Protein chains: 2
Amino acid sequence: MAEAKSNKVNMKTLAKVLNVSIATISKALRDSHDIGEETKQRVIETAKLLHYVPNPYASSLRKRSSNTIAIIIPEIADSFFSQAINGIESIVGQEKYHALIYLTHDSYEREAQMFNDLSSGRVDGVLMSVASNTKDIKHIQELQQAGVPIVFFDRVCEDIPTAKIKTDDFNSAYMATKHLLEQGCKNISLVTIEGYPSILQAREGGYKKALTEHQVKSKEENIISCSNKYNQENIAVLKEHITTVKPDGIIATVEHLATTTYLACEELKLNIPNDIKVVCFTNQITAAILNPPLTTVLQPAYDMGRKAAELLFGHLAGKPIQLEKENITLPSKLIVRDSTRATD
Amino acid sequence: MAEAKSNKVNMKTLAKVLNVSIATISKALRDSHDIGEETKQRVIETAKLLHYVPNPYASSLRKRSSNTIAIIIPEIADSFFSQAINGIESIVGQEKYHALIYLTHDSYEREAQMFNDLSSGRVDGVLMSVASNTKDIKHIQELQQAGVPIVFFDRVCEDIPTAKIKTDDFNSAYMATKHLLEQGCKNISLVTIEGYPSILQAREGGYKKALTEHQVKSKEENIISCSNKYNQENIAVLKEHITTVKPDGIIATVEHLATTTYLACEELKLNIPNDIKVVCFTNQITAAILNPPLTTVLQPAYDMGRKAAELLFGHLAGKPIQLEKENITLPSKLIVRDSTRATD
DNA sequence: ACAGTTTAAGTAAACGTTTAAGCAAATAAA
DNA sequence: TTTATTTGCTTAAACGTTTACTTAAACTGT
């Protein structure tokens, strides 16, 4: 329980020491015009001397704002969200805000419960990537109607009228597919997972468009769904797929599928890129030193987080930003490496 | 500024609706013995009906506790801290606590400033990994003396009497070095970075012990220091080192040095493991699919985060845990892969 | 000299909870 | 039957800020 509490110094303490009213302390510290220059200095000095730190909860209660935001994301296992958080933090820190972090583990129930809690006024705004299986969006709507601004990044919810920071999923999948076709692939499979319709459908769309443009008919059997967890089972699923469908190119649409794909190929004694070429959506720096170096679609994770935070804080600061009009797409980059090298 | 505020329902509202006092509402919701069973039910029912959610800041102010902890870590770029956060979150969520996340970017100044802020009573406890260059620990001592419990994980501060969750850095470096020696290495270099004395000195110690046991004299020139950022410069530093010192084994003591080491070897046209063998302290799942698969020291990141959180929450819950007596070491695992395969 | 304004404070209410203290009615003990 | 005790509720103060309103003194201009 540990309650040492070294006689906390608060405004009352300062007021007593300086023989002025509490209001004077408060106003002096907030640099109000009401207070004389000399008094202000005395207050600031004594506050520093006594290590006064304002109680955020009293302040939040009175002001009805918390200088705190929530970051709600599915997980933090991979490099995308790590980098996005870094981007967010770069703004949060600078703005003297505080960030609460919540992981939904892609569970709708947890997400809904978190939103329920947030309707208490705990945060001034929310930055979020929605859970994979979130279909009912009432919880999000309710928080928004309660006046809490929300900015989506990456895994956006199209039906909520607010700012959305995305990457060009359609186009980057299109480019990845086109790249594989140009490297000679004729039978390209798309490895995907359940959920995240706004993203994965776009990627599927870009994939199909590239195929169509190259007069390749896209077949249902080429689209394969894995579990959204890194596990052995996915390797088996993929091996099964590869042996039956025999693709000569694979696009792995999420980070952890890179390792899965490589291991599946290895177990099947398939050579990348000779027998099969691989592209993956991933931000991992190790892509360059894989066996072989992996061609990746690199997403602007840091920038997405940063941009989302900028919009939210701009809005909170009262700048004339209409969140519902902000729909920003930042480009991903196709980084070509040996895993898709043309074989002749 | 967006202040929609849909007439928030608070205890006053409920009291009015049910025609009882506010105190009755409060006590009913906290299941106090003071309140009759029937009244309790009516209160709970109406609260649910009107979507009442308690104001956390009013509650925190009055109770002088926030149900919130701070996670203070250097960064979140790599898999270690990602996994540790997952471990922490697994407890935080279950205990209905909230987690504020702060990144120090390994800056002492930022860390000190964060601690200063936390002395306001913003959090009930702190989980932290100290910044690389933190030497002056006054800020930590002061927070602790103010009655805020602190639990360290991984990058601990030995001079603060409180719980510390570490991994066996000395022993795992010892094992890694021994492994390299057994694979035939005669000239092993340790690649390290500035800072983190509690960890990196232990790893250096384990490294030296293994050398001594194998009658190999450890030379100063074999210990090389890189920048704690993933960048091109480190590759140059490492190349320079390898060409002059010509090690036949390398131990990279932090995650991002894996990619650096591989790229340096590649640029020097050195074959791993034939020309040089490599071990790295890293948790990345891609280690298995690198070229060649990388022998790693896998740290129990998730478990460390989880254990740290367990201790903190146990203490906060009033369990008889003497934090200053908790000094837990969780074992790392040496995962042998091709990057250290013996060559004959 | 006097009304009007400006300056530099102070007073007190409010934010939404929690809880110690009080109190009337019902129940138990004597 | 009287006295304690328990039950179920209310009152009001407190947590530490912020801020609308008041006030007194010091200027300003005429």
Side-chain angles (χ1 to χ4, degrees), chain A residues 3 5-44 47 50-68 117-122 124 146-147, chain B residues 3 5-44 46-47 50-68 117 119-122 124 146-147:
Chain A
E3 230 71 294
K5 86 173 65 104
S6 54
N7 291 341
K8 284 254 28 93
V9 22
N10 53 26
M11 291 193 166
K12 206 163 153 188
T13 321
L14 295 183
K16 208 164 281 173
V17 169
L18 288 171
N19 204 34
V20 294
S21 75
I22 293 180
T24 302
I25 303 291
S26 177
K27 290 180 190 167
L29 292 175
R30 330 192 89 237
D31 202 21
S32 156
H33 272 302
D34 270 10
I35 307 297
E37 206 45 56
E38 197 218 359
T39 316
K40 263 185 204 169
Q41 288 313 318
R42 286 201 308 141
V43 171
I44 290 169
L50 302 186
H51 294 111
Y52 168 69
V53 184
N55 182 310
Y57 296 135
S59 179
S60 294
L61 176 58
R62 174 60 228 238
K63 292 201 299 182
R64 304 163 132 275
S65 83
S66 60
N67 268 241
T68 303
D117 176 275
L118 293 186
S119 72
S120 61
R122 192 185 288 278
D124 297 345
Chain B
E3 231 71 292
K5 86 174 67 107
S6 55
N7 291 343
K8 284 254 26 93
V9 24
N10 52 27
M11 291 195 165
K12 205 163 154 189
T13 321
L14 295 183
K16 208 164 282 172
V17 168
L18 288 170
N19 204 34
V20 294
S21 75
I22 293 180
T24 302
I25 303 291
S26 176
K27 290 179 185 170
L29 291 174
R30 330 193 89 238
D31 201 22
S32 155
H33 274 301
D34 269 11
I35 307 298
E37 207 46 55
E38 196 217 0
T39 316
K40 264 185 205 170
Q41 289 312 318
R42 286 202 306 140
V43 171
I44 291 169
T46 326
L50 301 186
H51 294 112
Y52 168 71
V53 184
N55 182 310
Y57 297 134
S59 179
S60 294
L61 176 59
R62 174 61 227 239
K63 292 201 298 181
R64 304 163 134 277
S65 83
S66 60
N67 268 241
T68 303
D117 176 274
S119 72
S120 62
R122 191 184 289 278
D124 297 344

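Order of the sequence lines fixes the chain letters, A, B, ..., with proteins taken first and strands second; residue numbering starts at 1 for each chain. Here the structure is a predicted model, which is why all the values come from computation and not from measurement.
Across residues 12-26 of chain A, A/Val20, A/Ser21, A/Ala23, A/Thr24 each have a non-hydrogen atom less than 4.0 Å from an atom of DNA chain C (numbered order).
When heavy atoms are screened at a 4.0 angstrom cut-off, B/Pro54 is found touching the sugar-phosphate backbone but no base atom.
Annotation for B/Lys40 and B/Ile35: closest pair CE-O, 3.5 Å, computed over non-hydrogen atoms. Here the closest non-hydrogen pair linking B/Leu18 and B/Arg42 is CD2-NH1, 3.8 Å. When all heavy atoms of A/Leu50 and A/Leu14 are compared, the closest pair comes out as CD1-CD2, 3.8 Å.
Contact of the B/Leu29 side chain with the B/Tyr52 side chain is registered, since non-hydrogen atoms from C-beta on lie closer than 4.5 Å. Between B/Ser120 and A/Asn55, every side-chain heavy-atom pair lies at or beyond the 4.5 Å cut-off.
Judged purely by atom type and a 3.5 angstrom limit, A/Ser66 uses its side chain to pair as donor or acceptor with the backbone of A/Arg122. Side-chain N or O atoms of A/Asp124 include one that pairs as donor or acceptor with a backbone N or O of A/Asn67 at under 3.5 Å.
Which of D/dG16, C/dT18, D/dG8 sits closest to the side chain of B/Thr39 comes down to D/dG8. Taking every side-chain heavy atom of B/Asp34 into account, D/dC9 is the closest of D/dC9, D/dC15, D/dT17. Of the candidates C/dG16, D/dT17, C/dT19, the closest approach to any side-chain atom of A/Arg62 belongs to D/dT17.
One atom, CZ of B/Arg30, and another, C1' of C/dT19, lie 10 Å apart when rounded to the nearest Å. Atom CG in B/Asn55 sits roughly 13 Å away from atom C1' in C/dT18 (whole-Å rounding). Atom pair B/Met11:CE and D/dT10:P shows a separation of 14 Å (rounding to whole Å applied). Summarising the geometry, the separation between CG on B/Asn67 and C1' on C/dT18 is reported as 14 Å, rounded to the nearest angstrom. Look at CG on A/Leu29: it is 13 Å from P on D/dT19, rounded to the nearest Å. The separation between A/Asn10 atom CG and D/dT18 atom P is 12 Å, rounded to whole Å. For B/Arg64 and C/dG16, the CZ to C1' distance is 16 Å, given to the nearest whole Å. If you measure from atom NE2 of B/His33 to atom C1' of D/dC9, you get 16 Å, rounded to the nearest angstrom.
The base of D/dT19 does not come close enough to the side chain of A/Lys63 for any donor and acceptor atom to sit less than 3.5 Å apart. One donor-acceptor pair, N or O on each side, does fall under 3.5 Å between the base of C/dG10 and the side chain of A/Lys27.
Between D/dT18 and A/Tyr57, no contact under 4.0 Å exists linking OP1 or OP2 to a side-chain N or O.
Between B/Ala58 and B/Lys40, the residue anchored closer to the 5' end of DNA chain D is B/Lys40, taking for each the nucleotide with the nearest heavy atom.
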